Every structure is written in C-alpha cells, then in structure tokens.
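Here's the structure, in structure tokens; my notes come after.
Keep in mind that what you see is a predicted model, and the values were worked out from it rather than measured.
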Amino acid sequence: MHRLVYTDPEIFAAEMVKVFGQTWVYCAHDSEIPNPNDFRTGYLGLRPIIVCRERSGRVAVLFNRCTHRAATVCRLERGNAKSFQCPYHGWTFRNDGELIGVPWPDAYGEEFRRTELNLGRVARVETYRGFIFATLNEDAPPLVEHLGPAAQLLDQWLDRTPAGTVTVRSAANRMVYRGNWKLAYDNAGDGYHPAFSHRSLLRLGERFGDAKDMVYFGRTPDEGPMYAQDLGNGHTFIDQRPSYDGVGSYWARQRLQPGREAFEERTRARYGTDADRLLDLAVGAQMNINIFPNLLVIGNQIQVIEPMAVDRTQLTWHATTVDGLPDEINTLRMRTQEDFPSFGEPDDQANFEEAQRGLGVPEMEWVMMHRGLAVEGREKTDEAGVVTGPVTDEHPMRGYYREWARLMSR
C-alpha cells in the first residue's frame, strides 16, 4: 500500500463517501435501545446520526442535523424521547424524523413545505442477531449476504452464551489516537505483533505460568495451531481457540484479576461440576471477528472504529454481560473486560501513532503487506473463498484492502 492511503486528506474524504457511505456500517446494538423511543447518538463515518427505536419497535437511523440551519439536533449520548427539538431555533422532529414543529412559520411564506424538511434518514437499516447496521447504498446486497462467513462466526460468538444474546452495558473505554483509522483495522487481523508489542503483558502472564492468556503468541506462533482468515467483503478473523483445551481451560489460562478468588470459590461451591463451564463464560471467547469497516468483536467486547480525521481516530470498547448467567459470572466478566483495554490497547495505539509519524516520510512510499504471499503451502482457500493461513501472515490485510479498493473505485 502507498503511504498516501493513510495520510492524504483527499483520500480520507473519499473514504467517508465511498466506503462509509456505500457499504454496511455498524451503528449500535439492540440492547442499547431496548424500549420504544430509546435512542443513542453516534457517527456513520463523519455523519452524526441518531439511532432510534420508534414506537412501533422499528429501528431508524437519522442524520443528527437540523434541516433549518444544520445544527446538531440531539446533543445527548443516549436517552428516551418521542421527539427531538433543535436547541438553536426550536424546530421539533418526531423520532421517525418527521418535522412537527416550526416556531412562527408564517414568515416562511406560502411555499413552505414541512414534509420536505424532515430529518435525513439513512436509506437502509438491518439487524443481525442484535447488531444494527445501516447503509446509504440502496443497491447494497442484504446484510446477511454482505456478512458472508462472518455471520457464522458471530453465531459462534453468541451461541456460547445460554440465551444466545449479550447486553451492551457501557462504553467502558474510549480512546483517541493520532493516526489513520485503517491502522486499527490492519492491526485487528495481525497476529504477528503480540509477541513484541505486548511483551510486558505477556511477561505479566508468564509470572503465573507459561500457559496464561496470549503467552502462546510468543511461542513460535508461525507454526502453532492458531490461524487468521480473509473472509471476503473486507471481513477478517483471528482464531485463538485452538490454543485452548476444552471446558475449564479458558478460566484456567486467564490472567489474574484482584479479588477474583472469592467469586471463583463462591461459584464452585454453588454450581459444583458446572462451575468450569460458567467460569469460562467470564473469559473472552478468544475470537477476533472484524467486520469491515468499523466493527471489531474482541474477546467479550465490541470495539467500534470511529474516524475523525485523516490522522485522528476514536476507538470505543463496549463491555457486555450475558442474560441468564449468575451475577458472580457477569461480575467476573466485567472485570476481565478491564484487562486488555487497560494493559494491551495502549501498546497498539502507541504503535498506530508511531506508524503515522513514519508515514510522513515522503521519500519512503510503500508499506509492506506481503508476509506469506506466494509462499508454497502457507495459504489455503476453501470453496466459499475463505483464505486461511498462519496467524502471523498478512493475508487479512490484503483481503480487506481488495474490498477497500473495490469501493474506492466506484
């Protein structure tokens, strides 16, 4: 890839139209707007949006931009409202976008048509097992077709829970780094970096035994059982599950957290032989499912990539709990979700910022992404077109950039 892909403001502006405007983009989770008239605000690329559950239960995605003078209509992150009133001049809109109130409208004259001034509405909204996506492209394929093999992986992620659902509890960690948004997506499919970037975290695990979480990334991962995949349509996957040995191994290999011993003791006393299965659900699923362009399902968490400028990006980690689990397990689940965002993600963001700094060298134009390419026996492609190879190879990046290039050439 040429360095301008990460540094050119014109390319970034085109991405906001051609990528974030033309493919399915993750907007919210069902559990964040469970009741009629619930809403949460966010972004679709750079477009401010309101994700609403209408009185009928249907989900709408509206542009959070007044049709009068362009001011932000809703300035809260979440809540419950049947209507929104723009704080600038008092124009009022129903939560389906309909303009229902204009102060002193007579001054606009006889040609004024309220029906032409409703809030902008995103063309299509679809949900897959609680994940709400939207696209401005009326000709986009159905969401499930777009997800392709990634849908089956989301099924696996959800079906390890008793009810097959999760509840998003909060934006537990929100971080901004000085770098391009694609650096985060590059990294999401990269199993080459943990042995080096997360060395301090791996050493922390080694203090409690060689088998703790992620330590295996430092044990010849090139030849290990883990693998990475290019799923098509820009989606990628890293599977750490082959490094685990059945029920109880997830909990046994989890890095320690303060106070967990009391919860474990209570769980084992109360649930006996079922305790290992329950405790495993407190630990990350060891799946990294990356849905292009902005959704990363990591462990037990939902991470959202939010571009802000060509060299500025916000990453938000959303914690999840599981309906039907004992309170002790969900408490432990929340504690384990504090681990990597606190001790691993800062390593990644430091790398993103330093990479952005290096991309500013105009005489060095190219970024290498050909690890594993054309090396006999390293990559295998199945009948669905899924490319599988060692977790340290760079076929996930090559795969998603094919989709990026397709969208950018439209």
Side-chain angles (χ1 to χ4, degrees), residues 20 24-67 71-88 90-101 118-136 143 154 157-158 161 163-174 291 294-297 300-306 314-325 327 330 333-334 337:
F20 282 84
W24 289 100
V25 177
Y26 174 74
C27 294
H29 191 267
D30 262 341
S31 63
E32 296 179 271
I33 51 169
N35 305 307
N37 303 318
D38 281 351
F39 71 87
R40 63 150 296 182
T41 54
Y43 288 88
L44 196 159
L46 294 181
R47 306 164 185 81
I49 57 172
I50 311 171
V51 184
C52 308
R53 190 172 299 280
E54 299 174 4
R55 184 172 59 182
S56 65
R58 183 177 65 167
V59 176
V61 178
L62 310 171
F63 291 127
N64 194 4
R65 182 254 195 222
C66 187
T67 47
T72 302
V73 174
C74 180
R75 304 182 186 184
L76 299 176
E77 186 170 351
R78 64 187 69 237
N80 183 283
K82 296 179 180 179
S83 62
F84 303 103
Q85 185 177 80
C86 179
Y88 195 6
W91 283 36
T92 303
F93 304 86
R94 210 188 315 273
N95 64 10
D96 63 0
E98 181 186 356
L99 176 60
I100 56 174
N118 298 330
L119 290 180
R121 191 177 181 116
V122 176
R124 293 173 61 191
V125 179
E126 292 186 24
T127 300
Y128 185 80
R129 296 199 64 174
F131 292 85
I132 301 169
F133 294 80
T135 180
L136 299 171
L143 175 61
L154 287 173
W157 186 74
L158 288 163
T161 66
T165 60
V166 297
T167 298
V168 171
R169 288 299 180 190
S170 65
N173 293 274
R174 183 170 284 152
I291 310 297
N294 70 325
L295 171 63
L296 311 179
V297 178
N300 287 337
Q301 297 176 84
I302 296 169
Q303 186 185 54
V304 182
I305 301 173
E306 299 165 282
Q314 180 167 278
L315 297 180
T316 302
W317 293 75
H318 298 269
T320 67
T321 58
V322 175
D323 297 334
L325 282 185
D327 289 344
N330 271 322
R333 186 179 171 97
M334 294 294 286
Q337 290 176 95

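- In this structure, M334 CE and Q301 CD are separated by 8.5 Å, a value rounded to the nearest 0.5 Å.
- The side-chain hydrogen bond (donor to acceptor under 3.5 Å, both in side chains) test applied to R75 returns no partner, not counting sequence neighbours.
- The minimum heavy-atom distance linking S31 with V168 is given by the pair OG-N, 2.8 Å.
- Rounding to the nearest 0.5 angstrom, the gap separating the CZ atom in R94 from the CG atom in L62 is 12.5 Å.
- Inter-residue side-chain proximity for V166 and H29 is flagged as met; some heavy-atom pair is nearer than 4.5 Å.
- Of all heavy-atom pairs between C27 and L44, the closest is SG-CD1, 4.5 Å.
- I33 and I132 get closest at one heavy-atom pair: CD1-CD1, 4.0 Å.
- At distances below 3.5 Å, at least one donor-acceptor pair connects side-chain atoms of N118 with backbone N or O atoms of L99.
- By the 4.5 Å heavy-atom criterion applied to side chains, F133 and E126 are not counted as neighbours.
- Side chains of T41 and L76 form no contact here, defined as non-hydrogen atoms less than 4.5 Å apart.
- Side chains of L296 and L315 form no contact here, defined as non-hydrogen atoms less than 4.5 Å apart.
- Atoms CG and OG1, from L325 and T161 in turn, are 7.5 Å apart once rounded to the nearest 0.5 Å.
- Side-chain atoms of T167 and D323, non-hydrogen and from C-beta on, do get closer than 4.5 Å to each other.
- When all heavy atoms of T92 and Q85 are compared, the closest pair comes out as OG1-NE2, 3.2 Å.
- Not a single donor-acceptor pair under 3.5 Å links the side chain of N95 to the backbone N or O of F84.
- At a threshold of 4.5 Å between non-hydrogen side-chain atoms, the residues N64 and I49 do not count as touching.
- Taking CZ from R174 and NE2 from H318, the interatomic distance works out to 7.0 Å, rounded to the nearest 0.5 Å.
- Looking only at side-chain heavy atoms (C-beta outward), C74 and F39 come within less than 4.5 Å of each other.
- Separating the CG atom in L143 from the CD1 atom in I291 is a distance of 9.0 Å, to the nearest 0.5 Å.
- For residues 26-35, the set of pairs meeting the salt bridge (Lys or Arg N to Asp or Glu O under 4.0 Å) definition, not counting sequence neighbours, comprises D30-R53, E32-R40, E32-R78.
- The shortest non-hydrogen separation linking V322 to T165 is CG1-O, 3.9 Å.
- For the pair K82/R55, no side-chain contact is recorded, criterion being any heavy-atom separation below 4.5 Å from C-beta on.
- Around CG of D327, the count of heavy atoms belonging to other residues, nucleotides or ligands within 6.0 Å does not exceed 12.
- Taking the side-chain hydrogen bond (donor to acceptor under 3.5 Å, both in side chains) definition, one finds that E54 meets it with R58, R121, sequence neighbours left out.
- With rounding to the nearest 0.5 angstrom, the CD1 atom of I305 is 10.5 Å from the OG1 atom of T316.
- Every residue was checked against the ring-ring contact (aromatic ring centres under 6.0 Å, His included) condition with F93, not counting sequence neighbours, and none meets it.
- With hydrogens and angles disregarded, no donor-acceptor distance shorter than 3.5 Å links the side chain of R65 to the backbone of R47.
- Remark: F63 engages no residue in a ring-ring contact (aromatic ring centres under 6.0 Å, His included) (not counting sequence neighbours).
- Partners of Y26 according to the side-chain hydrogen bond (donor to acceptor under 3.5 Å, both in side chains) rule, which considers only residues two or more places apart in sequence or in another chain, do not exist here.
- The minimum heavy-atom distance linking N300 with T320 is given by the pair O-OG1, 2.5 Å.
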